[in-house]
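To start, the structure itself, in structure tokens.
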Amino acid sequence: MTSAKTRSWWGWGNVEDAVSGEELHGLTARAAAMLPNADLTSHEAPAITDLNLPASRLSVPATLATLCSDDPADRAAHAHGQAFRDVVRNLQGDVHRVPDLIVRPTSESDVVDLLDWCTRSNIAVIAYGGGTSVVGGIEPRIDDDYAGVVTLDLGRLDQVLEIDKTSRAARIQAGILGPALENRLRPEGLSLRHFPQSFEFSTLGGWLATRAGGHFATVYTHIDDLVESMRVVTPTGISESRRLPGSGAGPSPDRLFLGSEGTLGVITEAWMRLQDRPRWRANASVVFDDYASAVTATRAIAQSGLYPTNCRLLDPVEAFINAGTSSQGGVLVLAYESAHHPVEHSMVQTLEICREHGGRLPDPARYSDSADARPGSGASDAWRSSFLRMPYQRDALASRALIVETFETACTWDRFDELRAAVTTAANEAIAAVGSVGVVSCRFTHVYPDGVAPYFGVYAAGRWGSTVQQWDDIKAAVSEALSNAGGTITHHHAVGRDHRPWYDRQRPDPFATALTAAKSALDPSGILNPGVLIDPR
């Protein structure tokens with residue numbers, strides 16, 4: 001029997017899976033080669049007992065007492081998300097704003113009772129799934145005019161309640177983690193087919209509340225596409241939409257709560273559209289000598305109607321850092337999969353488009369017709385391995401005073417060249433302005449017929465004790481640049497507290513008024529995740 005692993009209180013994932021040994025040696029060697037003047041001295045996280053956390057301010061009603069925890073380790077672990085700035089502050093012992101209590105409901109009625117108590121007592125409530133927010137969405141950065149802050153951890157609402165194989169859908173509780181969900185569906189030959197990078201540690205409710213994007217590049221890219229109906233507990237009542245394949249009956253109630261980040265209600269369960277588990281797969285990596293040609297090829301594929309499962313263009317910097325491939329124009333990682341038919345013909349057509357734009361295959365495309373096999377190719381295998389290890393490697397580098405962080409956006413194809421140039425320039429200028437040196441990378445995570453989702457990476461040498469402020473300055477500069485260039489402040493990582501200034505500019509004023517009115521109607525006391533999306537009261 002495999003022993004249970006220990007979640008890190010300060011960083012990503014499990015303590016046992018942290019970067020070590022040869023992986024750590026290779027990582028630091030690459031960092032030193034890329035940033036030769038960086039100080040790579042390692043810094044360790046403090047013990048929980050050294051954090052001097054403030055005492056809880058709340059007295060729990062007897063009816064909720066068995067659901068509540070004020071354990072210091074529990075409170076510290078729920079005080080932050082998983083952004084670079086969260087990890088570094090934890091490493092430095094900067095954990096001053098923590099929830100007063102962690103509440104773990106075991107039923108929907110527990111959620112109702114908790115919201116009733118918190119409404120009466122002026123207690124802020126932060127709904128919490130897996131804690132993987134990278135935008136300050138679950139951090140108790142809340143005004144002191146509340147009596148306290150409760151983190152509502154939905155992890156015990158983790159069951160698949162019903163499976164409708166005829167309609168290919170399932171009723172699923174919001175607190176279920178990605179692996180547990182897929183393990184429950186696998187015997188039925190089904191899959192939700194939503195695999196964000198945070199999959200192992202994030203929940204269905206978190207995906208819904210943040211409008212999360214999954215791994216796949218086309219068609220079913222966002223969790224929005226997979227929702228059949230939702231059930232949400234608000235301080236003024238329970239909202240449950242009707243199960244339907246589609247409806248034109250007024251504005252969608254599900255769309256109101258999707259992406260609401262716990263500000264309008266607590267998602268407790270949802271009926272989700274499922275897919276048959278794939279059998280046929282194809283995989284290839286295409287190298288380009290010219291980046292503009294690579295972008296044009298990717299756009300042609302996105303507009304071809306072929307809809308590849310993966311269509312991830314890595315620029316030369318990204319290809320070198322995370323796929324170990326040197327190329328002047330970048331690498332396009334392609335994949336197809338299907339439960340119903342071979343996909344070789346689609347891959348052949350896609351590769352022909354690439355060749356028309358100067359792309360070439362270092363290795364032949366690979367194919368599989370097994371439900372368990374995953375064909376790979378050199379760059380795609382390296383990329384997949386790096387993709388899964390990125391958060392752990394980020395933590396290892398962050399503890400060595402490197403600034404390692406990402407941000408993503410989306411724009412129409414006609415704006416991409418201008419946006420990439422503006423963001424890259426802003427990032428490089430900001431890196432220099434904070435007294436650092438570094439590199440900026442870009443990859444495509446999702447492609448659409450009318451646009452693309454560029455995902456930027458920043459790798460820079462920081463000064464220990466100043467890296468949070470250095471990153472905040474860089475982040476502000478690039479956010480300004482992408483907003484001014486017509487991109488969205490976030491494509492799939494939500495708004496949280498960190499993106500509020502740019503979200504406020506992006507949304508139309510009449511919509512902001514309507515959202516504020518909805519908040520007042522559903523949460524009149526303003527207790528639900530104050531400060532996220534809209535002002536608390």
Side-chain angles (χ1 to χ4, degrees), residues 26-27 29-36 217 283-304 308 310-335 347 350-366 376-387 390 404 406-409 411 413-429 431-432 437-447 451-460 478 481 485:
L27 179 65
R30 291 194 301 275
M34 183 173 62
L35 302 168
N283 192 292
S285 300
V286 183
V287 174
F288 290 85
D289 294 326
D290 176 70
Y291 184 70
S293 298
V295 172
T296 302
T298 306
R299 175 166 57 85
I301 294 167
Q303 295 175 344
S304 69
N310 197 5
C311 188
R312 195 176 298 265
L313 178 61
L314 316 179
D315 76 358
V317 175
E318 185 73 25
F320 178 74
I321 293 175
N322 288 313
T325 300
S326 296
S327 67
Q328 293 184 335
V331 176
L332 180 59
V333 178
L334 293 166
M347 179 61 83
T350 304
L351 294 177
E352 184 58 35
I353 293 173
C354 292
R355 291 188 182 96
E356 291 172 358
H357 293 87
R360 51 189 171 81
L361 273 72
D363 302 296
R366 300 183 186 181
S377 62
S380 65
D381 283 346
W383 162 256
R384 185 173 186 275
S385 176
S386 177
F387 180 78
M390 276 181 191
V404 182
T406 59
F407 57 96
E408 94 292 352
T409 186
C411 63
W413 284 111
D414 64 306
R415 292 177 179 261
F416 170 67
D417 290 339
E418 176 188 345
L419 182 143
R420 178 174 179 262
V423 170
T424 302
T425 298
N428 283 321
E429 290 178 350
I431 290 169
V437 293
V439 296
V440 182
S441 69
C442 178
R443 65 181 184 265
F444 294 171
T445 59
H446 304 76
V447 296
V452 63
Y455 197 108
F456 295 90
V458 172
Y459 305 83
V478 298

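Position 1 is the first residue of the sequence; numbering continues from there.
Residues Ala365 and Ala284 share a closest heavy-atom pair of CB-CB, 3.9 Å. When all heavy atoms of Arg443 and Leu314 are compared, the pair lying nearest together is CB-CD2, 3.8 Å. Of all non-hydrogen atoms in Ala319 and Ser327, the two that sit nearest each other are CB-OG, 4.5 Å. The shortest heavy-atom contact between Ala422 and Ala481 is O-CB, 3.8 Å. Nearest heavy-atom pair across Gly438 and Asn428 is O-OD1, 4.4 Å.
Remark: Thr298 OG1 to Leu334 CG distance equals 8.0 Å, nearest 0.5 Å. Note that OG1 of Thr296 is 12.5 Å distant from CD of Glu356, once rounded to the nearest 0.5 Å. Here Ile353 contributes atom CD1 and Arg299 contributes atom CZ; the two are 11.5 Å apart, rounded to the nearest 0.5 Å. Atoms OG1 and CG, on Thr409 and Leu419 in that order, are 5.5 Å from each other to the nearest 0.5 Å. How far OG1 of Thr406 is from CD of Glu408: 7.5 Å, rounded to the nearest 0.5 Å. Between Arg360 atom CZ and Cys354 atom SG the span is 12.5 Å, to the nearest 0.5 Å.
Residues Val331 and Val286 fail the side-chain proximity criterion, which asks for heavy atoms closer than 4.5 Å. The shortest distance between side-chain heavy atoms of Ile301 and Pro308 falls below 4.5 Å. A 4.5 Å side-chain heavy-atom check between Glu429 and Thr425 finds at least one atom pair inside the cut-off. A heavy-atom distance below 4.5 Å is found between the side chains of Phe416 and Pro454.
Cation-pi contact between Arg312 and Phe444: absent, since separation from the ring centre below 6.0 Å together with deviation from the ring axis within 45° is not met.
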(message) Could you go through Val439 and Ile321, starting from their C-alpha distance and side-chain angles, then the distance that decides it, and tell me whether this counts as side-chain contact (heavy atoms from CB on, under 4.5 Å)?
(response) CA-CA 10 Å; Val439 296; Ile321 293 175; 4.2 Å; yes
(message) Apply side-chain contact (heavy atoms from CB on, under 4.5 Å) to residues Arg420 and Val295 and explain how you reach the verdict.
(response) CA-CA 12 Å; Arg420 178 174 179 262; Val295 172; over 6 Å; no
(message) Using side-chain contact (heavy atoms from CB on, under 4.5 Å), reason through Tyr459 and Val440 one step at a time and then give a plain yes or no.
(response) CA-CA 6 Å; Tyr459 305 83; Val440 182; over 6 Å; no
(request) Show your working on side-chain contact (heavy atoms from CB on, under 4.5 Å) between Val452 and Leu313 and close with a plain yes or no. (result) CA-CA 10 Å; Val452 63; Leu313 178 61; over 6 Å; no
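The 12-atom threshold is not exceeded at CZ of Phe320, counting heavy atoms of other residues, nucleotides or ligands nearer than 6.0 Å. Counted within 6.0 Å of CD on Gln303, heavy atoms from surrounding residues, nucleotides or ligands total more than 12; the atom is thus considered enclosed. For CD of Gln328, the number of neighbouring non-hydrogen atoms (other residues, nucleotides, ligands) closer than 6.0 Å is 12 at most.
Looking at residues two or more places apart in sequence or on another chain, you find no ring pair (Phe, Tyr, Trp, His ring centres under 6.0 Å) involving Tyr291.
Of the possible donor and acceptor atoms, one in the side chain of Asp315 sits under 3.5 Å from a partner among the backbone N and O of Cys442.
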